[in-house]
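For reference, the structure discussed in these notes is given below.
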Amino acid sequence: MCGIVGYVGSSKSVEVLLGGLRRLEYRGYDSAGIAVIDDAGLMNTRKRAGKLQVLVDELDRSPLGNGGTGIGHTRWATHGGPNDANAHPHLGDDGKLALIHNGIIENFAELKAELLASHPDTVFTSETDTEVAAILVGIEYQRTGDLAEALRQVVSRLHGAFTLLAMHQDAPGVVVGARRNSPLVIGLGDGENFLGSDVAAFVEHTRRAVAVGQDQIVTIGADSVSVTDFDGIPVEVTEFEVSWDASAAEKGGWSSFMAKEISEEPEAIAKTLLGRVVDGGIKLSELDGIGDDALLAINRVVILGCGTAAYSGMLGKYAIEKWARIPVDVELSHEFRYRDPVIDGNTLVVSISQSGETMDTLMAVKYAIEAGARTLSICNTQGATIARESDAVIYTHAGPEVAVASTKAFVAQVAALYLFGLHLARVRGTLSSPEIAGLAAELQALPDQLAIVLEQHDAIKQLAGWMTDTRSVLFLGRHAGYPVALEGALKLKELAYIHAEGFAAGELKHGPIALIEAGQPVFVIVPSPRAKDSLHKKVVSNIQEIRARGARILAIAEQGDAAVLPYADVVIPIPLASTLFEPLLAVAPLQIFAMELASAKGLDVDQPRNLAKSVTVE
Ligand code: AGP
């Protein structure tokens, strides 16, 4: 998704903007551009299709004048292809106004027609919705002479999702912004202020931040920040401290952000649990927004998410149903609100989102709120839109997840969901305190167990190296192993661009076994044989069935599980863990395998093709 940076201060705005855009590259984009008001007071704009380095090289060859006011943008193409003309910023008011945009203006065609009717001499240089907004704001600025007012006049006419930043040559030292259904945060500096699509845009300069709310306008100067609603009425804002530091958003010596983030998984779980397991009990102070009485009135839980977040939600379903004895449905956010779901005030809708900005999930949460449901968000990004829309939020403290492929956020989401499941079990009296303490202890044992699994990185890398010519891989799991199979398949698809499919192992005989032919690689997540409810025997039978048909078995199995050895070509051992906790260990080898296979194929594991870290359009 698009990255946005705004700056007003005494530093050289070009350096600040490019540094911010560099930290936002992980969001996925296909062009980049900046606009600055130079020290001669003139608007200067430079924009190029391609990676940020293309723009940087251009600026090295032909520098921009360097004043203290600027805006910068990385674009993920929606309306109009990824080329120089469609790159942002776009101009209005005869090139004196520059504007950048993240989102989609759904009624831009009507606005464009109205504009051509009222101003027939208007010349469009791009196919974008954004240019229409830039021209409209330029017209309003000519009329009002006030940039914030000009923006207010225009945004009230826009439908869809947008974060807009604008600046004008005749108003040096000012950048204005507006947001609806798309992220915008303010960075508060000393003699300088920042705007960004997320805190990564300015965290190297300041960790003091303010999240701009829905339908709000922000105006920043070097020493001033003001926020109003779309009617111009001032609104209260809340400052928060960004817990990440600039180095956390760097690779820290790893070959990729993804490798770094997989290595951080034990810490991500530990930090998510920190302070929330006290004397064997669960302490979720964030749930004050949904007190025990409100939770007791809940008769159904619906978990929402997309992609990896949905798979963590499936594990949450197994745990919450088992521990709290309440029906739980897991829904893909983008399907949920279009099927006229039956939800009401007794439904708790739990949204899961690493970015907290996924439009599909945000719109589903808004639908649930309108239907009267209580809402809880599991989110990894402080102050994100979905978190702020919800009645309560349980933040996962996984730290910045920069790689597009989600890894440490997944395990942290599951840990947070398990905490909630135990909390709900206490409230509903379905588990005793000793039972809760026992399960909480198993949660707290996971970081050390996962660290043991990660020690096998090199062996898994070697396995991946042997499989670079693989064209298709299947993944099988049962019960809590099934979401792991789905997640393993997704990782391989999105990183190595290989066809991969996850199945519930019991589903094999109902069709998919027809896919099995000699040499077909199949990962199998094998449950622990020790658990009394274990499906171990059934999964070993599934392995025999596909082995008999020539499949190449790559088993992820508990250390010492001898039953698997005769049938598996490769066994990746994991420490002993009970049924619901094993998935957090079994997923890591699949993440590593996908990453190393993609690396062996020379692919970019941090920014896979066609993908964005946060999908902020529906
Ligand atoms: C995961 O590897 C993918 N990048 C994708 O499925 C992602 O999990 C999904 O888009 C949800 O993102 P979110 O957690 O930020 O809402």
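Numbering of ligands and ligand atoms starts at 1, following listing order. Only heavy atoms go into these numbers, but all of them, side chains included; no hydrogens, no water, no symmetry mates.
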May I ask you to identify the nearest protein heavy atom to [atom], giving residue, atom name and distance to one decimal place in Å?
{"atom": "atom 14 (O) of ligand 1", "value": "Q354 N, 2.7 Å"}
{"atom": "atom 10 (O) of ligand 1", "value": "V615 CG2, 4.3 Å"}
{"atom": "atom 15 (O) of ligand 1", "value": "S355 OG, 2.7 Å"}

List every atom of ligand 1 that sits less than 4.0 Å from any heavy atom of [X], numbering the atoms from 1 in the order shown and giving each element.
{"X": "G307", "answer": "6 (O)"}
{"X": "S406", "answer": "1 (C), 2 (O)"}
{"X": "S353", "answer": "13 (P), 14 (O), 15 (O), 16 (O)"}
{"X": "T308", "answer": "1 (C), 2 (O), 6 (O), 8 (O)"}
{"X": "C306", "answer": "8 (O), 9 (C), 11 (C)"}
{"X": "A405", "answer": "2 (O)"}

Any N or O on [X] sitting closer than 3.5 Å to an N or O of ligand 1?
{"X": "Q413", "answer": "no"}
{"X": "K491", "answer": "yes"}
{"X": "T358", "answer": "yes"}
{"X": "E487", "answer": "no"}

Q: Go through the steps for T385 and E357 under the test side-chain hydrogen bond (donor to acceptor under 3.5 Å, both in side chains), then give the verdict.
A: CA-CA 6 Å; T385 305; E357 302 298 348; 2.6 Å; yes
Q: Determine the sole option in V473, I525, L492, L490 for which the side-chain contact (heavy atoms from CB on, under 4.5 Å) test with L590 is passed.
A: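 Answer after filtering V473, I525, L492, L490: I525.
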**Q.** Location of contacts on E494 toward ligand 1, heavy atoms closer than 4.0 Å
**A.**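 Side chain only; the backbone of E494 stays clear of ligand 1.
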(Q) Does either side chain, that of T375 or that of E389, offer a donor lying less than 3.5 Å from an acceptor on the other one? (A)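 Their side chains do not contain a donor-acceptor pair, so the 3.5 Å distance test is not met.
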Q | Salt bridge R276-E286, side-chain N to carboxylate O under 4.0 Å | A |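 Between E286 and R276 there is a salt bridge, with a charged N closer than 4.0 Å to a carboxylate O.
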Q | Pairing of E370 and R337 as salt bridge, 4.0 angstrom limit | A |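 Here E370 does not pair with R337 in a salt bridge, since their nearest N and O are not under 4.0 Å apart.
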Q. Of F523, Y482, Y311, which meets ring-ring contact (aromatic ring centres under 6.0 Å, His included) against F475?
A.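 Exactly one option meets the ring-ring contact (aromatic ring centres under 6.0 Å, His included) with F475, and it is F523.
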Q. Backbone N or O of S182 within a donor-acceptor pair of the R179 side chain at under 3.5 Å?
A.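 Here the side-chain-to-backbone pair exists.
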(Q) Would the distance check show the side chain of T308 and the main-chain N or O of F410 forming a donor-acceptor pair, the cut-off being under 3.5 Å? (A)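 Flag not set: sc T308 to bb F410 has no pair under 3.5 Å.
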Q: With atom 4 (N) of ligand 1 as the reference point, say which of L611, L495, V404 has the nearest heavy atom.
A: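 Result: the heavy atom closest to atom 4 (N) of ligand 1 is in V404.
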Q: Could you give me the CA-CA distance, side-chain angles and deciding distance for T407 and E265, then say whether side-chain contact (heavy atoms from CB on, under 4.5 Å) is met?
A: CA-CA 8 Å; T407 51; E265 288 186 356; 3.4 Å; yes
Q.
Using every non-hydrogen atom in the two residues, find where G399 and N380 come nearest and quote the distance to one decimal.
A.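 Scanning both residues, the minimum pair turns out to be O-ND2, 2.9 Å.
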